[in-house]
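Notes to accompany the following structure.
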Amino acid sequence: MLYTETLNKNKDFLFLYRKGKSVVGRYAVIYVRPNKKPYNRLGITAGKKVGNAVHRNRAKRIIRQAYRENEKDIPLGLDIVIVARASICGVKSGVISEWLAKSVKTAAFGGSEK
RNA sequence: UGAGCAGACUAUGCGGCAGCGGGAACGUUUUAGUUUACGAGGAAAGUCCGGGCAUCACAGAGCAGGAUAACUGCUAACGGCAGCCGAAGGCGACUUCAGGGCAAGUGCAACAGAAAUAUACCGCCCGUUUUUACGGGUAAGGGUGGAAAGGCGAGGUAAGAGCUCACCGGAAUACAUGAGAGUGUAUUGCCGUGUAAACCCUAUCCGAUGCAACGUCUAUUGGUACUUUUAAGUCAACACCUGCUCGGUGGAUUUAAGAGUAAUGACGGCUUGAGCUUUGGGGCGACUCAAAGCCUAGAUAAAUUGCCGCACACGACAGAACCCGGCUUAUCGGUCUGGUCACAAA
RNA sequence: CUGGGUGUGGCGCAGAUGGUAGCGCGCUACCUUGGGGUGGUAGAGGCCGUGGGUUCAAGUCCCGUCACUCAGA
């Protein structure tokens, strides 16, 4: 991933859940917030509700793949957290990719403020 | 041909494009980059046992506590496995078993029943007698119960009773046999049910903590915690080693001053190992010995994927996290091997 | 990684060393009131998370398993 670091501190996740803009979809929820840095930071959450370890790993893989495909269209300088939901399991990656492309932009330029 | 038993193996395959993880090589001041081979399981799961490894100063003795339970072996070890004994089930191949000791001691056995671990309600027999009660003997018969005086038949007796005898079940002793559990034979009337997954007894085993162990390097703040040195005071007891006792080690603690360390982050621990494959030898087998060859995940918000095409049986359960040996549980199916029973044919 | 705890009517909980499973709230019907509440009487509702085992007999004892939950590093 060209312009992206991973987000791995529990503190940062909690900060985004409280202060970030959110977009809710059928397969996942996206939280976004500007971070005033020249690169993006991405965090992916797949909780216990998604399923067992195999399903959680698949959810994370698909989301990461979708992000990679759309990376060029996403503006720089954002913290992004994507939380997988249970219905992501039986879905092909193309659907997620399409959905992500739309949702990130709406989140970045005017998602519902919390 | 059908049914059934046991064991072993496998876990969609092939191709194209894009991508991920750490390793090696090339390259670069460094970063970026290029090439190349490799990259989840039979259960990786549950964390139920056992061991390695690391630290706790020595890793001690006894009690307590916990675990296991026929026997002989295998193993680093085990609660695992193999063989074998016994019991139960199946026509059989075969399967299942917490399978030591209630005949050491203690406890418990509701309701029913006269009586539940010691007794006489009805009945049977004897005696006394006011002929309808009292005393005594008796576990053959009745009913209750999961369990009722080892079972059953004969003798015997006032009536009965292992009181005596035959057969069967158990126990003890002796002899034979086996490595042993055991098995066989003989003798002794020696014989109050069940429960130890009730307390308990017997034998064997167990020091504690877990890779967030542990080691190395390091920023900032502050005098927080720990260690240590010196000085002063107090106490002869206190702290630690496992819950207690013995035993061992250190004298212990408070205040003041000085010195050092820890936290945070990074790296190591981390994958060459009770390793895998093949061949040969030993053993009924678990397993083991020798030789040759091989290197086969090591991540840290955590890598095996996405899309397309073809084939068919249309793809189950499921993702390493210090490492091994087991156990248990989940699982769409497929293949092979060896026994068994029934039917038919030769 | 390690060690505990819980599971019982709709809800919250009892059930000491095995012997016919209860309490409070709630629910249903009736009485009381002009009506409602309160109060009173009667009643329904449970294979005790699940699969085995020990025992004459298991909610209770033992083993496996599922779910939830707590503590420590």
Side-chain angles (χ1 to χ4, degrees):
Chain A
M1 288 187 257
L2 281 136
Y3 314 107
T4 310
E5 284 193 351
T6 48
L7 193 68
N8 59 2
K9 286 284 190 302
N10 194 34
K11 216 192 300 178
D12 298 333
F13 276 82
L14 292 174
F15 188 74
L16 254 81
Y17 293 148
R18 246 200 337 276
K19 302 273 185 178
K21 297 173 185 173
S22 66
V23 174
V24 182
R26 182 175 164 74
Y27 310 113
V29 183
I30 303 180
Y31 294 88
V32 176
R33 187 181 162 81
N35 62 359
K36 297 172 186 165
K37 284 170 183 164
Y39 51 86
N40 285 349
R41 295 196 298 173
L42 175 69
I44 301 168
T45 299
K48 215 182 197 177
K49 284 180 190 169
V50 174
N52 58 24
V54 173
H55 289 127
R56 291 200 299 272
N57 276 349
R58 181 180 159 78
K60 283 191 274 185
R61 266 197 311 267
I62 288 175
I63 290 168
R64 213 177 297 123
Q65 174 73 14
Y67 180 83
R68 198 179 296 121
E69 284 170 7
N70 295 293
E71 195 170 21
K72 285 172 187 159
D73 303 328
I74 295 170
L76 291 178
L78 293 173
D79 280 350
I80 304 169
V81 166
I82 304 176
V83 179
R85 309 182 78 179
S87 55
I88 203 169
C89 289
V91 180
K92 292 237 174 190
S93 70
V95 179
I96 305 295
S97 183
E98 256 176 60
W99 174 81
L100 190 85
K102 280 189 293 181
S103 302
V104 169
K105 281 175 197 166
T106 50
F109 300 117
S112 58
E113 191 80 36
K114 271 203 176 176

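Convention: sequence-line order gives letters A, B, ...; per-chain numbering from 1. Just so it is clear, the model here is predicted, and its values are computed rather than measured.
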Could you state the CZ-P distance from A:Arg61 to B:rC307, rounded to the nearest angstrom?
11 Å

Identify the nucleotide, in any strand shown, that forms a Watson-Crick or G-U wobble pair with B:rU195, with both distances under 3.5 Å; if there is none, say none.
B:rG107

If I pick the C1' atom on B:rC211 and the same atom on B:rA299, what distance separates them, to the nearest angstrom?
16 Å

Rounded to whole Å, NZ of A:Lys60 lies from P of B:rA299 at a distance of 16 Å

Could you tell me the separation between the OH atom of A:Tyr67 and the C1' atom of B:rC20, rounded to a whole number of Å?
16 Å

For a quick test of reading the model, state the closest non-hydrogen atom pair linking A:Ala28 to A:Ala84 and the distance between them.
CB-CA, 4.3 Å

Does B:rG73 pair with anything, Watson-Crick or G-U wobble, both distances under 3.5 Å, and if so, with which nucleotide?
B:rC81

Could you identify the nucleotide paired to B:rG293, looking across every strand shown and requiring Watson-Crick or G-U wobble geometry with both distances under 3.5 Å?
B:rC276

Tell which nucleotide pairs with B:rA6, taking only Watson-Crick or G-U wobble pairs whose two distances are both under 3.5 angstrom.
B:rU337

Is any side-chain heavy atom of A:Val83 less than 4.5 Å from a side-chain heavy atom of A:Tyr31?
yes

Applying the 3.5 Å cut-off to both distances, the Watson-Crick or G-U partner of B:rG100 turns out to be B:rC201

So, is C:rA57 syn or anti if syn means the angle is within 90° of 0?
anti

Separation of A:Ile63 atom CD1 from B:rA301 atom C1', in whole Å?
12 Å

What is the pairing partner of B:rC175, taking Watson-Crick or G-U wobble pairs with both distances under 3.5 Å in any strand?
B:rG184

Nearest-angstrom distance from the residue atom CD1 of A:Ile44 to C1' of B:rU305:
13 Å

When the distance from NE2 of A:His55 to P of B:rU305 is rounded to whole Å, what number comes out?
14 Å

Who does C:rA16 pair with, Watson-Crick or G-U, both distances under 3.5 Å?
none

Choosing from B:rU304, B:rA302, B:rA40, which nucleotide comes nearest the side chain of A:Arg64?
B:rA302

Assigned partner base of B:rU138, Watson-Crick or wobble definition, under 3.5 Å
B:rG123

Is B:rA40 in the syn or the anti form, by the rule that syn lies within 90° of 0?
syn

Distance, P atom - from C:rG59 to C:rG39, rounded to whole angstrom:
36 Å

Partners meeting side-chain contact (heavy atoms from CB on, under 4.5 Å) with A:Ile62 (sequence neighbours left out)
A:Arg58, A:Ser93, A:Ile96

Inter-nucleotide P distance (B:rA24, B:rU272), Å rounded:
14 Å

Give me the distance, rounded to whole Å, that separates C:rC61 from C:rC1 when you measure between the P atoms they each carry.
30 Å

Distance (rounded to the nearest 0.5 Å) between A:Ile30 CD1 and A:Trp99 CH2
4.0 Å

Of all residues at least two apart in sequence or in a different chain, which pass the side-chain contact (heavy atoms from CB on, under 4.5 Å) check with A:Val54?
A:Asn52

Torsion-based syn/anti label for C:rG22, 90° from 0 as limit
anti

Can you tell me how far C1' in B:rC332 sits from the matching atom in B:rG42, rounded to whole Å?
15 Å

Is the glycosidic angle of B:rU264 within 90° of 0, making it syn, or outside that range, making it anti?
anti

If I pick the P atom on B:rA8 and the same atom on B:rU328, what distance separates them, to the nearest angstrom?
13 Å

Expressed in angstrom and rounded to an integer, what is the separation of A:Gln65 atom CD from B:rG306 atom P?
9 Å

Syn or anti for B:rG339, with syn set at within 90° of 0?
syn

Rounded distance (Å) that lies between atom P of B:rA302 and atom CG of A:Asn57
9 Å

Suppose you measure atom C1' in B:rC108 against the same atom in B:rG146; what distance do you get, rounded to whole Å?
15 Å

Side chain of A:Val54, heavy atoms from C-beta onward: which of B:rU304, B:rA318, B:rA303 has the nearest atom to it?
B:rA318

B:rG50 and B:rA59: how far apart are their P atoms, nearest whole angstrom?
23 Å

Which part of the nucleic acid, if any, lies within reach of A:Arg58 when heavy atoms closer than 4.0 Å are counted: base, sugar-phosphate only, or nothing?
sugar-phosphate

